[in-house]
Amino acid sequence: MPRGKLEISPLLAFRRTALLVAALMLTACAKAGEPQAAAKPLGLFTSLPIFWAESGDLRGLLRNDVPPHWALAALRRRGDLRLLDSLDGPGLAGLGTLVMAQPRALAAQENVALDGWVRGGGRLLLFADPLLTEESAYPLGDKRRPQDMVMLSPILDHWQLRLEFDEDQPAGERTVNAGGITLPVNLAGRFVVATGSRHCALEADGILAACRLGKGQVLLLADAALLEQHSDGQAPETRRQSPAEALGRLLDRLGAAK
């Protein structure tokens, strides 16, 4: 056999062996399962001063010496956080979990988009307070003021829920136990499930509702006292349990990424 072929054959053999090893490795990886995809972003839709601190002018909003809201830091620790100003289809696309905290009233198309997103597999944590107790720097009627009374009847009706409020209940913060999570409440509402509905289960005397809608999940809290803060961005000192821990456990219950 000519000398030239003797020099080339080992190289060809090496290449063939390398390709065979690579193929075997790819097969083994396929059998072991593909790597987990990156966690989907977490959305925040709120009228509360969580992302932006209350201020009388733009300069105050842009100050970097204002302590961030404790809940903002807690949410950012969960991964990629996106602030939404609308619940249209593009805004919800790609989100894994959405936190709605005392949101403004939704437009008709936003109700449709939110319902479709949830039923398609979205996970929603909703704070719906019928009478917000946290004070605001903005006067009544100011559009920058947080939503004093949540107005979500259309979407709640569609999910066969009704939010009620007892005007005779005593004011003052207290705690309730919802699925092993200690939550502070103050002048809370309560959810009522429509007769015959099997989508939602109530806990803590109706203050919390857990619903399965299509492929998605919704956790609703009829109060927003958990999200209150002091002027230094921290939670009230009277809390016996870390509010960040309670918020995290609510998200964990939905299966939100850590």
Side-chain angles (χ1 to χ4, degrees), residues 40-52 71 75 80-132 134 136 138-165 187-202 206-224 226-227 250-251 254-256:
K40 292 184 178 180
L42 171 67
L44 174 62
F45 183 70
T46 182
S47 70
L48 300 177
I50 295 176
F51 198 90
W52 298 107
L75 292 173
D80 181 15
L81 179 65
R82 298 183 182 178
L83 180 66
L84 306 181
D85 58 9
S86 174
L87 294 185
D88 55 10
L92 292 170
L95 294 182
T97 305
L98 173 64
V99 176
M100 292 176 62
Q102 200 65 359
R104 59 165 172 77
L106 303 182
Q109 61 269 26
E110 290 180 307
N111 283 316
V112 173
L114 178 62
D115 181 64
W117 175 79
V118 168
R119 294 181 186 276
R123 299 183 294 262
L124 171 64
L125 174 58
L126 172 59
F127 293 86
D129 199 323
L131 187 61
L132 196 66
E134 184 174 13
S136 173
Y138 301 129
L140 291 171
D142 193 311
K143 293 182 178 180
R144 297 169 297 177
R145 183 182 175 90
Q147 196 77 28
D148 289 291
M149 295 179 292
V150 75
M151 294 183 287
L152 295 175
S153 294
I155 192 68
L156 294 180
D157 289 344
H158 188 63
W159 292 341
Q160 299 182 311
L161 286 171
R162 185 175 72 256
L163 179 60
E164 296 183 344
F165 180 69
L187 294 177
R190 65 185 299 268
F191 291 107
V192 177
V193 180
T195 303
S197 174
R198 297 181 180 180
H199 302 300
C200 302
L202 302 180
I207 292 177
L208 185 141
C211 307
R212 287 190 173 274
L213 302 167
K215 298 179 181 179
Q217 301 178 57
V218 182
L219 205 57
L220 307 97
L221 198 62
D223 191 81
L226 173 65
L227 299 175
L250 289 171
L251 290 168
L254 282 171

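No hydrogens, no waters, no symmetry mates; every other heavy atom, side chains included, goes into these values. In what follows, residues are counted from 1 in the order of the sequence shown.
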Practice item. Grab the two heavy atoms, one from Pro130 and one from Phe165, that are nearest each other, plus how far apart they are. Key: CG-CD1, 3.6 Å

Review point. Nearest heavy-atom pair of Ala113 and Gly89: which atoms, and what distance?
Key: CB-N, 4.1 Å

Practice item. May I ask you to test the Leu132-Leu48 pair for a side-chain heavy-atom distance under 4.5 Å? Key: yes

Check your understanding: If you look only at pairs with a residue in residues 191-201, which of them pass as a salt bridge (Lys or Arg N to Asp or Glu O under 4.0 Å), with sequence neighbours excluded?
Key -> none

Exercise for review: Of all the heavy-atom pairs spanning Leu202 and Phe191, show the shortest one and how long it is.
Suggested key: CD1-O, 3.3 Å

Check your understanding: Measuring from Leu219:CG to Leu251:CG, what's the distance to the nearest 0.5 Å?
Key -> 9.0 Å

Check your understanding: For residues His158 and Asn111, is any side-chain donor paired with an opposing acceptor at under 3.5 Å?
Key -> no

Practice item. Have a look at Leu125 and tell me which of Thr97, Leu250, Val218 forms a side chain to side chain contact (heavy atoms under 4.5 Å, CB included) with it. Key: Leu250

Point to revise | Donor-acceptor contact present, side-chain Gln102 to main-chain Gln147, <3.5 Å | key: yes

Practice item. Would you give the length of the straight line joining atom CZ of Arg119 to atom CD of Gln217, rounded to the nearest 0.5 angstrom? Key: 13.5 Å

Review point. Do the non-hydrogen side-chain atoms of Leu161 and Val193 ever get within less than 4.5 Å of each other?
Key: yes

Check your understanding: Can you check side chain to side chain contact (heavy atoms under 4.5 Å, CB included) on Leu98 and Trp117, steps first, answer last?
Key -> CA-CA 10 Å; Leu98 173 64; Trp117 175 79; 3.6 Å; yes

Check your understanding: With a 4.5 Å limit on heavy-atom distance, are the side chains of Pro103 and Leu126 in contact?
Key -> yes

Point to revise | Side-chain heavy-atom pair Leu106, Phe45 within 4.5 angstrom cut-off | key: yes

Check your understanding: So Leu152 and Leu163, side chain to side chain contact (heavy atoms under 4.5 Å, CB included) or not? Walk me through it.
Key -> CA-CA 9 Å; Leu152 295 175; Leu163 179 60; over 6 Å; no

Point to revise | Minimum heavy-atom distance Leu95-Leu42, with the two atoms named | key: CD2-C, 4.2 Å

**Study point:** Pairs satisfying salt bridge (Lys or Arg N to Asp or Glu O under 4.0 Å), at least one member in residues 85-113, at least two apart
**Key:** Arg104-Glu110

Exercise for review: Indicate the atoms forming the closest heavy-atom contact of Ala71 with Leu227, along with that distance.
Suggested key: CB-CD2, 4.2 Å

Pair up each side-chain donor or acceptor in residues 207-215 with any protein partner under 3.5 Å, not counting sequence neighbours, and list the distances.
none

Review point. Yes or no on side chain to side chain contact (heavy atoms under 4.5 Å, CB included) for Leu83 and Ile50, after CA distance, side-chain angles and deciding distance?
Key: CA-CA 10 Å; Leu83 180 66; Ile50 295 176; over 6 Å; no

Check your understanding: Phe127 versus Val99: any side-chain heavy-atom pair under 4.5 Å?
Key -> yes

**Study point:** Residue pair Gly91 / Leu84: nearest heavy atoms and the distance that separates them
**Key:** O-CD2, 3.6 Å

